[in-house]
Asks: 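My questions will all concern the structure given below.
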Amino acid sequence: MIKLNNNIEDLTKYLQIKDWLKENESIVAVEKPGEGNMNFTLRILTETRSFIVKQSRDYVEKYPQVAAPAERVLREAEFYEVIESVPSLKAMMPTLIGLDKDNSVMVMEDLGNGSDFTYLYQLGKEFLEEDLFAVIDFAACLHTSITTETQTHIITNTKMRKLNHEHIFNYPYAVNNGINLDDILPGLQKEANRLKADNVLKAEIKKLGDLYLEDGDILLHGDYFPGSWLATVGGLKIIDPEFCFFGKAEFEIGVMLAHLKMANQSSIIIEKAVKRYKSLADLDDVLCYKFMAIEILRRIIGLAQLPLEIRLEKRIKLLNESREILVS
Ligand SMILES: Nc1ncnc2c1ncn2[C@@H]1O[C@H](COP(=O)(O)OP(=O)(O)OP(=O)(O)O)[C@@H](O)[C@H]1O
Ligand SMILES: [Mg+2]
């Protein structure tokens with residue numbers, strides 16, 4: 001397996017062999033397109049254009065000691081291929097330019113130097129209605145247009161789903177999981193310990209975890225949170241569907257709502273989001289709020305921490321509300 005690096009000479013050789021550089025085209029610069037943890041991602045600039053190269057490896061780029069499914073970028077590429085047939089989805093995602101299956105390398109359109117929506121976790125930032133509706137409409141369109149009825153090939157993405165399952169449903173509740181939450185925010189560990197000892201809660205979480213692992217009827221992006229939404233000059237775009245699979249809409253929308261809650265968005269925004277989605281697609285509210293609760297819990301007490309700014313009191317309030325949603 002060829003391991004890409006950011007050396008221009010090596011990249012030129014590789015891209016020429018793959019026919020991804022045109023004749024007389026040369027690389028003038030290579031840059032990191034934005035923050036990412038999982039994969040090796042580069043922006044390649046030539047005299048006339050730029051494009052993005054993404055390679056997945058059998059480990060997490062930022063934490064090489066952590067194993068990850070090596071071929072995950074191929075699942076991401078399958079997603080881009082599938083949505084090509086739906087113009088309103090295609091318009092909101094980068095176009096797939098090339099794929100090297102042997103080396104798990106994908107080349108895609110450069111959406112430009114935009115920023116993702118991670119800034120929403122900063123206190124006082126409000127998600128504009130226009131952006132909220134763009135995100136909801138994309139999800140509703142995806143969920144209603146790519147289904148087991150329209151597709152012959154179903155993406156199961158089993159390995160990535162197992163990895164995610166571990167981090168969402170198991171790891172946060174394992175007693176000695178090695179995370180010291182007081183390092184993140186003093187006082188948080190005590191709250192996590194309380195949840196870890198709650199067998200009623202854990203039984204419910206196990207049920208939802210089993211549901212997440214079940215194959216469903218509609219294609220999900222699979223990682224639908226502000227880090228996957230990009231603000232570009234061409235409007236809001238959606239990237240990074242490496243966790244995609246055929247599952248339940250309630251998981252996708254629940255995860256999204258959880259992030260709006262942790263980004264301290266008002267209940268008016270949350271209600272607007274649900275109402276908008278339900279005007280476009282089916283949703284089981286009760287199940288959706290359960291997945292929302294699960295995502296809140298795992299992001300506050302699990303390993304995949306977010307740059308949250310909400311204070312301890314607010315985090316405890318969200319943990320308690322989430323527990324209520326799950327056990328009631
Ligand atoms: N097609 C694109 N056009 C422009 N910028 C992009 C594109 N793809 C990725 N980026 C930028 O590179 C960053 C990392 O990309 P991406 O999220 O796909 O990588 P990742 O390693 O899967 O990240 P994560 O660890 O968050 O899953 C993005 O946040 C974005 O800023
Ligand atoms: Mg990713």
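Count residues from 1 along the sequence. Both backbone and side-chain heavy atoms feed into the values below; hydrogens, waters and symmetry mates do not. Atoms within each ligand, like the ligands themselves, are counted from 1 in listed order.
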Asks: Mind checking how many protein N/O/S atoms fall short of 2.8 Å from the Mg ion (ligand 2)?
Replies: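 With waters ignored, the protein N/O/S count below 2.8 Å is 3.
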
Asks: Check this for me: does any side-chain nitrogen of one of Asp285 and Lys278 sit under 4.0 Å from a carboxylate oxygen of the other?
Replies: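 Result for this pair is yes, salt bridge flagged.
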
Asks: Does Asn24 form a side chain to side chain contact (heavy atoms under 4.5 Å, CB included) with Glu47? I'd like the steps, not just the answer.
Replies: CA-CA 10 Å; Asn24 303 321; Glu47 298 88 346; over 6 Å; no

Asks: Taking distance alone, with no angle check, do Asn37 and ligand 1 share an N/O pair under 3.5 Å?
Replies: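 Yes, at least one N or O pair falls under 3.5 Å.
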
Asks: Please check if the side chain of Gln189 supplies one atom and the backbone of Pro186 the other of a donor-acceptor pair under 3.5 Å.
Replies: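 No, because the side chain of Gln189 does not come within donor-acceptor range (under 3.5 Å) of the backbone of Pro186.
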
Asks: Parallel, tilted or perpendicular, judged at 30° and 60°: which one describes the rings of Phe169 and Phe291?
Replies: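 Rings of Phe169 and Phe291: perpendicular, as their planes differ by over 60°.
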
Asks: Can you tell me if Asn103 uses its side chain to pair, donor with acceptor, with the backbone of Ile2 under 3.5 Å?
Replies: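 Pair found, side chain donor or acceptor close to backbone of Ile2.
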
Asks: Check whether any side-chain heavy atom of Pro241 lies under 4.5 Å from a side-chain heavy atom of Met93, and answer yes or no.
Replies: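 Yes, side chains in contact.
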
Asks: Is the backbone N or O of Asp223 less than 3.5 Å from a side-chain atom of Ser228, with the two atoms forming a donor-acceptor pair by type?
Replies: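 Side chain of Ser228 to backbone of Asp223, a donor-acceptor pair under 3.5 Å: yes, one is there.
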
Asks: So which bit of Pro94 gets within less than 4.0 Å of ligand 1, heavy atoms only: side chain, backbone, both or neither?
Replies: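 Answer for Pro94: side chain.
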
Asks: Atoms of ligand 1 less than 4.0 Å from Asp110 heavy atoms?
Replies: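 So the answer, numbered in order with elements, is 3 (N), 4 (C).
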
Asks: Could you tell me the residue and atom name of the protein heavy atom closest to atom 27 (O) of ligand 1, and the distance to it rounded to 0.1 Å?
Replies: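 Atom 27 (O) of ligand 1 sits closest to the protein heavy atom Asp240 OD2, 2.9 Å.
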
Asks: Report the nearest protein non-hydrogen atom to atom 3 (N) of ligand 1: residue, atom name, distance rounded to 0.1 Å.
Replies: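 Looking only at protein heavy atoms, the one closest to atom 3 (N) of ligand 1 is Leu111 N, 2.8 Å.
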
Asks: So, Glu84 and Tyr80: side-chain donor and acceptor under 3.5 Å apart, yes or no?
Replies: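 No - no donor-acceptor pair under 3.5 Å links their side chains.
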
Asks: Quick check: His143 with Tyr277 (ring centres under 6.0 Å apart)?
Replies: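 Yes: the rings meet the under 6.0 Å criterion.
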
Asks: Pull out every atom of ligand 1 sitting under 4.0 Å from any heavy atom of Glu242, numbered as shown with elements.
Replies: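 The atoms of ligand 1 under 4.0 Å from a heavy atom of Glu242 are 22 (O), 27 (O).
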
Asks: Of Met38, Glu35, Lys54, which has the heavy atom at the shortest distance from atom 19 (O) of ligand 1?
Replies: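 Checking each option, the heavy atom nearest atom 19 (O) of ligand 1 is found in Lys54.
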
Asks: Nearest to atom 23 (O) of ligand 1, what protein heavy atom do you find, and at what distance?
Replies: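 Closest protein heavy atom to atom 23 (O) of ligand 1: Gly36 CA, 3.4 Å.
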
Asks: Could you work out, with side-chain contact (heavy atoms from CB on, under 4.5 Å) as the rule, every residue matching Lys206, not counting sequence neighbours?
Replies: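 Lys206 satisfies side-chain contact (heavy atoms from CB on, under 4.5 Å) with Asp210 once adjacent residues are dropped.
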
Asks: If you have a sec, work out which protein heavy atom is nearest atom 10 (N) of ligand 1 and how many Å separate them, to one decimal?
Replies: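 That would be Pro33 CB, 4.1 Å.
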
Asks: Could you tell me which atoms of ligand 1, counted from 1 in the order shown, lie closer than 4.0 angstrom to a heavy atom of Glu109?
Replies: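 So the atoms of ligand 1 that pass are 1 (N), 2 (C), 3 (N).
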
Asks: I'd like to know if Ser115 contacts ligand 1, where contact means a heavy-atom distance under 4.0 Å to any ligand atom.
Replies: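 For ligand 1, residue contact (heavy atoms, under 4.0 Å) with Ser115 is absent.
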
Asks: If you have a sec, work out which protein heavy atom is nearest atom 20 (P) of ligand 1 and how many Å separate them, to one decimal?
Replies: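 Answer for atom 20 (P) of ligand 1: Asn39 ND2, 3.6 Å.
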
Asks: For ligand 1 and Met108, I'd like to know whether there is a polar contact (N/O to N/O, distance under 3.5 Å).
Replies: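 N/O-N/O distance below 3.5 Å does not exist for this pair.
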
Asks: Could a heavy atom of Arg43 be found less than 4.0 Å from some atom of ligand 1?
Replies: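 Contact present.
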
Asks: With rounding to the nearest 0.5 Å, note down the distance linking CG in Asn5 to CG in Leu11.
Replies: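 Spacing of CG (Asn5) from CG (Leu11) equals 6.0 Å.
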
Asks: Applying a heavy-atom cut-off of 4.0 Å, say which part of Ile239 lies close to ligand 1: side chain, backbone, both or neither.
Replies: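 The answer is the side chain.
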
Asks: Given 3.5 Å as the limit, does a donor-acceptor pair link the side chain of Asn39 with the main chain of Thr41, or not?
Replies: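 Looks like no, no N/O pair under 3.5 Å.
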
Asks: Could you label the plane-to-plane angle of the Phe251 and Phe245 rings as parallel, tilted or perpendicular, counting under 30° as parallel and over 60° as perpendicular?
Replies: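 Judged by the thresholds at 30° and 60°, the geometry between Phe251 and Phe245 is tilted.
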
Asks: Could you check whether Ser56 and Glu71, counting side-chain N and O atoms only, form a donor-acceptor pair closer than 3.5 Å?
Replies: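 The criterion, which ignores hydrogens and geometry beyond distance, is not satisfied for Ser56 and Glu71.
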
Asks: What part of Ile52, side chain from CB on, backbone N/CA/C/O, both or neither, has a heavy atom under 4.0 Å from ligand 1?
Replies: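 Side chain only; the backbone of Ile52 stays clear of ligand 1.
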
